[in-house]
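Predicted, not measured: the structure shown is a model, and the values here were computed from it. Quick note on labels: first sequence line is chain A, next is B, and so on, each numbered from 1.
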Amino acid sequence: MNSFTTPLLKWFQHSKRDLPWRQTTNPYLIWVSEIILQQTRVDQGISYYEKFIKTFPTLAHLANASFNDVLLVWQGLGYYRRAQNLHNSAKLIFNTLPFRFPSTYVELKKLDGIGDYTAAAIASIAFQEPVAAIDGNVMRVWSRVFCLSHPMNSPQLKKKCSEIMEPLLGEAHPGDINQALMELGATVCKPGDPMCDQCPLKQLCKAHQSGNQRSYPLKAPKPKTRTRFFLFLVNLHLRDQTPCIWIEQRGAGDIWQGLYQFPMIETNAPPDSESLAHIEHLTSMGLTEKPDIQKAVYVKHKLTHQTLHCWFINTNLEKPLTESCISLPMSETHRFAFPRPILNYLHTYLKPEIESDCTFC
DNA sequence: CATACGTGGAA
DNA sequence: TTTCCAAGTAT
């Protein structure tokens with residue numbers, strides 16, 4: 001037995017958390033959990049996993065669902081391309097006869113949304129294939145154990161981890177070894193304050209022995225961020241005695257692909273007389289009153305690579321801003337997926353307004 | 001290979 | 001308040 005895997009597996013056996021996806025070996029469910037957990041904390045992912053498998057209990061359910069319904073379940077989780085990829089891959093698997101869930105690393109990796117890590121995770125956990133699942137946790141653990149001097153997320157560090165793990169996975173329990181390393185990274189060998197006293201690998205860890213555990217892994221460079229200014233035109237109106245709002249779907253090539261928003265104007269600077277003049281120009285579209293920026297609701301929303309400055313402006317736009325706008329009854333907003341800032345505005349300002357304003361009763 | 005892609009909880 | 005960052009992938 002290996003000097004790493006023996007203490008690791010023993011520790012995992014009695015220290016692992018009781019997580020919903022650990023109660024199954026169903027590859028479909030393992031797959032769903034792995035996609036949800038990409039760049040996502042376990043705490044945040046659990047409720048989404050529960051909701052997802054309740055809505056789509058089998059691959060057939062997912063394959064036969066509409067993309068809109070998949071996106072709706074994903075609403076609020078972020079990285080929405082994951083939902084698209086999951087749905088596309090489910091349809092592909094389900095419609096390729098004879099129906100069989102891909103069961104090897106190589107087959108899995110061909111699917112949209114499944115890269116090195118996820119292919120190895122599913123192959124090892126659901127099919128016992130001895131392949132290394134290397135995520136951020138695993139890289140942090142090995143980075144400390146061997147004092148590796150490559151920055152986090154660098155291809156070099158990933159390659160190094162792959163070389164370290166290859167001889168460990170051949171004997172038995174590749175799925176448990178992968179999960180044990182991830183669990184160790186998530187609960188003990190944490191980024192900020194590793195709890196080395198509880199670590200099954202402390203005798204083997206070079207960083208701990210030299211007291212340098214906090215110096216590893218080396219930090220990845222900060223991503224550059226760009227700043228954007230969004231003006232959302234909020235228009236509550238009556239259609240057939242029913243309170244409605246205009247919404248439009250976001251397209252490809254930008255954030256929030258496939259989600260819905262209020263008609264929006266993006267400017268290069270915070271709203272000023274120039275941008276308001278631009279909005280005024282929309283008078284031809286039915287805007288009969290100049291929007292008052294002072295009354296706008298302002299929200300700052302930060303993404304990994306962007307800082308969004310959002311203003312929500314009430315308008316009396318009588319026609320859609322573009323051809324693709326939909327006049328949606330307020331009672332139907334729960335059928336569409338919105339980005340977090342839109343959803344927050346909807347629930348904080350629009351829903352209460354409808355309930356309190358008698359003109360909409 | 002560097003960069004874009006969300007969100008929310010902890011420090 | 002700001003910063004960090006979490007079970008990565010696609011391009």
Below 4.5 Å, heavy atoms only, C-beta onward: do A:Phe338 and A:Tyr345 meet side chain to side chain?
->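 No, side chains not in contact.
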
Side-chain contact, heavy-atom cut-off 4.5 Å: A:Cys244 with A:Leu328?
->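 A side-chain contact is absent here, since even the closest heavy-atom pair is not under 4.5 Å.
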
Could you give the [atom1]-to-[atom2] distance, from [X] to [N], as a whole number of Å?
{"X": "A:Asp135", "N": "C:dT9", "atom1": "CG", "atom2": "C1'", "answer": "14 Å"}
{"X": "A:Asp116", "N": "B:dC1", "atom1": "CG", "atom2": "C1'", "answer": "14 Å"}
{"X": "A:Leu184", "N": "C:dA7", "atom1": "CG", "atom2": "P", "answer": "11 Å"}
{"X": "A:Tyr79", "N": "C:dA6", "atom1": "OH", "atom2": "C1'", "answer": "9 Å"}
{"X": "A:Gln44", "N": "C:dA6", "atom1": "CD", "atom2": "P", "answer": "13 Å"}
{"X": "A:Phe338", "N": "B:dG6", "atom1": "CZ", "atom2": "P", "answer": "17 Å"}
{"X": "A:Leu86", "N": "C:dT9", "atom1": "CG", "atom2": "P", "answer": "13 Å"}
{"X": "A:Asn153", "N": "B:dC1", "atom1": "CG", "atom2": "C1'", "answer": "13 Å"}

Would you state whether a donor and an acceptor, one from the side chain of A:Arg82 and one from the base of B:dC5, lie under 3.5 Å apart?
->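 Under the 3.5 Å cut-off, the side chain and the base do not form any donor-acceptor pair.
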
Would you indicate which nucleotide in [options] comes nearest to any side-chain atom of [X]?
{"X": "A:Tyr117", "options": "B:dG8, C:dG8, B:dC1", "value": "C:dG8"}
{"X": "A:Gln38", "options": "C:dA7, C:dT9, B:dG6", "value": "C:dT9"}
{"X": "A:Arg41", "options": "B:dG6, C:dA7, C:dA6", "value": "C:dA6"}
{"X": "A:Asn85", "options": "C:dA10, C:dA7, B:dT3", "value": "C:dA10"}
{"X": "A:Thr118", "options": "C:dG8, C:dA7, B:dG8", "value": "C:dG8"}
{"X": "A:Glu183", "options": "B:dG6, C:dA6, C:dA7", "value": "C:dA7"}
{"X": "A:Arg340", "options": "B:dT7, C:dA7, C:dA6", "value": "B:dT7"}

Take A:Asp254 and A:Asp193, find for each the nucleotide of DNA chain B with the closest heavy atom, and name the residue whose nucleotide sits nearer the 5' end.
->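 The residue mapped nearer the 5' terminus is A:Asp254.
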
Are the ring centres of A:Phe56 and A:Tyr48 closer than 6.0 Å?
->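 Here the rings of A:Tyr48 and A:Phe56 have centres that are no less than 6.0 Å from each other.
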
Within less than 4.0 Å of OP1 or OP2 of [N], is there a side-chain N or O belonging to [X]?
{"X": "A:His301", "N": "B:dT7", "value": "yes"}
{"X": "A:Lys300", "N": "C:dT2", "value": "yes"}
{"X": "A:Tyr80", "N": "B:dT7", "value": "yes"}
{"X": "A:Trp74", "N": "B:dC5", "value": "no"}
{"X": "A:Thr40", "N": "B:dT7", "value": "no"}
{"X": "A:Gln306", "N": "B:dC5", "value": "yes"}
{"X": "A:Arg140", "N": "C:dA7", "value": "yes"}
{"X": "A:Lys222", "N": "C:dC4", "value": "yes"}
{"X": "A:Gln39", "N": "C:dG8", "value": "yes"}
{"X": "A:Lys224", "N": "B:dT3", "value": "yes"}

Would you indicate what [X] reaches in the nucleic acid, counting non-hydrogen atoms under 4.0 angstrom: base, sugar-phosphate, or nothing?
{"X": "A:Leu303", "result": "base"}
{"X": "A:Asp43", "result": "nothing"}
{"X": "A:Pro155", "result": "sugar-phosphate"}
{"X": "A:Asn178", "result": "nothing"}
{"X": "A:Arg226", "result": "nothing"}
{"X": "A:Leu19", "result": "base"}
{"X": "A:Arg250", "result": "nothing"}
{"X": "A:Gly76", "result": "sugar-phosphate"}
{"X": "A:Ser33", "result": "nothing"}
{"X": "A:Ile35", "result": "nothing"}

Gap in Å between the two [atom1] atoms, one belonging to [N] and one to [M], rounded:
{"N": "C:dA7", "M": "B:dA11", "atom1": "C1'", "answer": "22 Å"}
{"N": "C:dT9", "M": "B:dC1", "atom1": "C1'", "answer": "14 Å"}
{"N": "C:dA10", "M": "B:dG8", "atom1": "P", "answer": "24 Å"}

Could you say whether A:Thr304 or A:Leu111 is positioned toward the 5' end of DNA chain C, judged by the nucleotide with the nearest heavy atom to each?
->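 Closer to the 5' end of DNA chain C: A:Thr304.
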
Between A:Glu34 and A:Arg81, which is nearer to the 5' end of DNA chain C once each is assigned its nearest nucleotide?
->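 This one resolves to A:Glu34.
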
Kindly compute the distance separating CH2 (A:Trp21) from CD (A:Glu34), expressed to the nearest 0.5 Å.
->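 Answer rounded to 0.5 Å: 9.0 Å.
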
Test side chain to side chain donor-acceptor pair (under 3.5 Å) applied to A:Gln213 and A:Arg144, step by step | CA-CA 6 Å; A:Gln213 63 271 23; A:Arg144 283 172 174 156; over 6 Å; no

Check whether the side chains of A:Asp112 and A:Ser89 place a donor and an acceptor atom closer than 3.5 Å, and report yes or no.
->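 A:Asp112 vs A:Ser89: no donor-acceptor pair found between side chains.
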
Worked check of side chain to side chain donor-acceptor pair (under 3.5 Å) between A:Asn344 and A:Tyr349 = CA-CA 8 Å; A:Asn344 286 349; A:Tyr349 297 97; over 6 Å; no

Check: A:His301 main-chain N/O paired with A:His309 side-chain donor or acceptor under 3.5 Å |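 No: the side chain of A:His309 does not pair with the backbone of A:His301.
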
Only one of A:His14, A:Lys16, A:Lys10 clears side chain to side chain contact (heavy atoms under 4.5 Å, CB included) with A:Phe12; which?
->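 The residue from A:His14, A:Lys16, A:Lys10 that satisfies side chain to side chain contact (heavy atoms under 4.5 Å, CB included) with A:Phe12 turns out to be A:Lys16.
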
